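Structure, as structure tokens:
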Amino acid sequence: MKYKMNTNNQSHKTTICMVIGDPVAHSLSPNMHNAGYKAYGIAEQYTYLAWRIRIEQIPLFLKGVRSVGIRGVSCTVPHKIIVMPYLDKIDPIAKKIGAVNTIVNDNHVLTGYNTDWIGISKPLEAITSIQGKTVALLGAGGAARAAAYAITQSHGKLIILNRTAEKAQSIANDFGGTVAPLDDYETIQKADIIINTTTLGLHPQEHETPIPKKYITKDHIVFDCVYGEKETRLLKEAQEQGARVIHGREMLLHQGTAQFTLYTKRKAPEEIMRKTLL
Ligand SMILES: NC(=O)c1ccc[n+]([C@@H]2O[C@H](COP(=O)([O-])OP(=O)(O)OC[C@H]3O[C@@H](n4cnc5c(N)ncnc54)[C@H](OP(=O)(O)O)[C@@H]3O)[C@@H](O)[C@H]2O)c1
């Protein structure tokens with residue numbers, strides 16, 4: 001196990017939260033959560049670490065979380081599904097989405113939540129109402145399932161476009177909506193909102209984009225869940241076409257502020273946490 005420690009004054013009274021993944025060294029979550037603890041003057045009571053945990057370590061790791069009383073565990077790739085059988089309870093929304101990105105330990109009882117859908121819903125609702133809008137959802141993995149929940153909760157019209165048709169159909173079966181191939185660009189063009197949850201744009205595919213630029217118009221809202229050090233090609237080209245864009249870091253922020261509240265039972269200091277991601 002490898003971990004990244006922050007420099008607060010921890011003691012035996014410190015409550016530990018962490019993000020686990022493999023890899024995890026790139027994670028911005030420790031900066032974001034620790035900045036929130038500092039903002040509230042609770043950095044000696046709470047600390048947030050990043051731990052690299054391999055898939056095969058998950059059962060033993062979660063036993064340890066439960067027994068030593070680690071308060072919160074944020075799960076990133078590849079752990080969002082694999083942790084589920086080892087938890088005591090799963091929140092109904094996480095069950096519906098089929099993935100857990102947040103584990104809360106209440107007196108040795110582990111409950112799994114999903115806050116990724118909030119990371120989709122909040123930034124979108126901040127600039128438009130989803131209700132009645134047609135949403136082209138690109139991809140059909142875990143992030144797409146969270147997005148499908150967010151969109152259908154707000155009564156948007158969902159079209160799921162994916163390279164593997166069966167996975168798109170499975171989301172349509174669970175959440176409603178229609179399916180189309182990922183390269184059905186005319187269908188994407190007719191949508192009001194485009195959400196990319198494919199890994200196109202993510203290293204090592206950072207030079208790729210799921211939609212040729214000419215299909216994006218100034219009337220689109222383009223939300224790219226992918227984030228990296230540089231702006232993705234999709235968002236760069238969408239801006240060049242005059243579209244409104246939402247960065248993947250906004251998703252990271254809002255799934256993180258919801259976790260902050262679950263771990264600390266306090267409203268998250270959103271602006272301070274946002275600054276750490278810029
Ligand atoms: N901003 C945030 O806070 C946040 C949170 C969660 C996820 N994300 C990002 O969202 C993305 C998806 O994450 P995930 O957990 O949903 O991953 P996932 O479950 O592995 O799904 C990956 C998706 O990408 C598609 N894909 C992969 N390679 C492709 C290619 N060469 N051409 C076309 N489609 C391709 C897959 O299609 P097939 O079904 O055909 O394989 C699948 O739909 C990642 O970039 C992740 O970093 C961001």
Side-chain angles (χ1 to χ4, degrees), residues 19-33 55 74-84 94 97-102 113-124 136-150 158-172 174-175 179-185 188 194-212 222-235 245-260 273-274 276-278:
V19 55
I20 59 163
D22 186 15
V24 80
H26 64 286
S27 177
L28 300 172
S29 291
N31 294 353
M32 183 169 67
H33 284 264
I55 285 181
S74 310
C75 306
T76 185
V77 177
H79 298 321
K80 291 185 186 182
I81 297 171
I82 197 146
V83 295
M84 293 176 79
I97 292 170
V100 158
N101 77 326
T102 308
Y113 296 88
N114 189 302
T115 66
D116 279 337
W117 74 275
I118 299 169
I120 300 277
S121 172
K122 271 210 168 178
L124 266 177
L137 178 60
L138 317 183
R145 292 188 66 86
Y149 180 82
L158 196 58
I159 306 168
I160 308 122
L161 303 99
N162 194 45
R163 181 178 62 176
T164 309
E166 300 79 51
K167 281 169 72 183
Q169 191 55 56
S170 160
I171 294 190
D174 290 347
F175 296 94
V179 302
L182 188 59
D183 59 359
D184 183 351
Y185 304 127
I188 298 174
I194 301 166
I195 305 178
N196 177 39
T197 70
T198 73
T199 51
L200 295 173
L202 186 71
H203 180 76
Q205 296 167 302
E206 64 266 41
H207 303 300
E208 296 189 35
T209 176
I211 323 158
V222 181
F223 189 158
D224 198 348
C225 293
V226 174
Y227 68 90
E229 280 172 22
K230 284 194 198 151
E231 185 155 67
T232 60
R233 181 174 157 196
L234 172 62
L235 288 196
V245 301
I246 302 174
H247 292 254
R249 285 178 190 225
E250 281 295 303
M251 178 179 180
L252 183 68
L253 171 69
H254 289 286
Q255 61 82 35
T257 55
Q259 289 176 332
F260 186 98
M273 290 171 76
R274 176 180 280 109
T276 68
L277 300 180
L278 296 177

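Whatever order the structure lists ligands and atoms in, that order sets their numbers, starting from 1. Computed from a predicted structure; not experimentally measured.
Here the rule is side chain to side chain contact (heavy atoms under 4.5 Å, CB included) with C225, and of L138, I195, T232, N196 only I195 fits it.
No side-chain heavy atom of D224 sits less than 4.5 Å from a side-chain heavy atom of V245. No side-chain heavy atom of C75 sits under 4.5 Å from any side-chain heavy atom of I82.
Judged purely by atom type and a 3.5 angstrom limit, T115 has no side-chain atom pairing as donor or acceptor with the backbone of I118. Judged by distance alone, the side chain of N114 and the main-chain N or O of A99 form a donor-acceptor pair under 3.5 Å.
Near ligand 1, heavy-atom contacts under 4.0 Å come from K80, G139, A140, G141, G142, A143, N162, R163, T164, K167, L182, T197, T198, T199, L200, L202, Q205, C225, V226, Y227, G248, M251, L252.
Listed by first and then second residue, the salt bridge (Lys or Arg N to Asp or Glu O under 4.0 Å) pairs that reach into residues 247-256 are E250-R274, sequence neighbours excluded.
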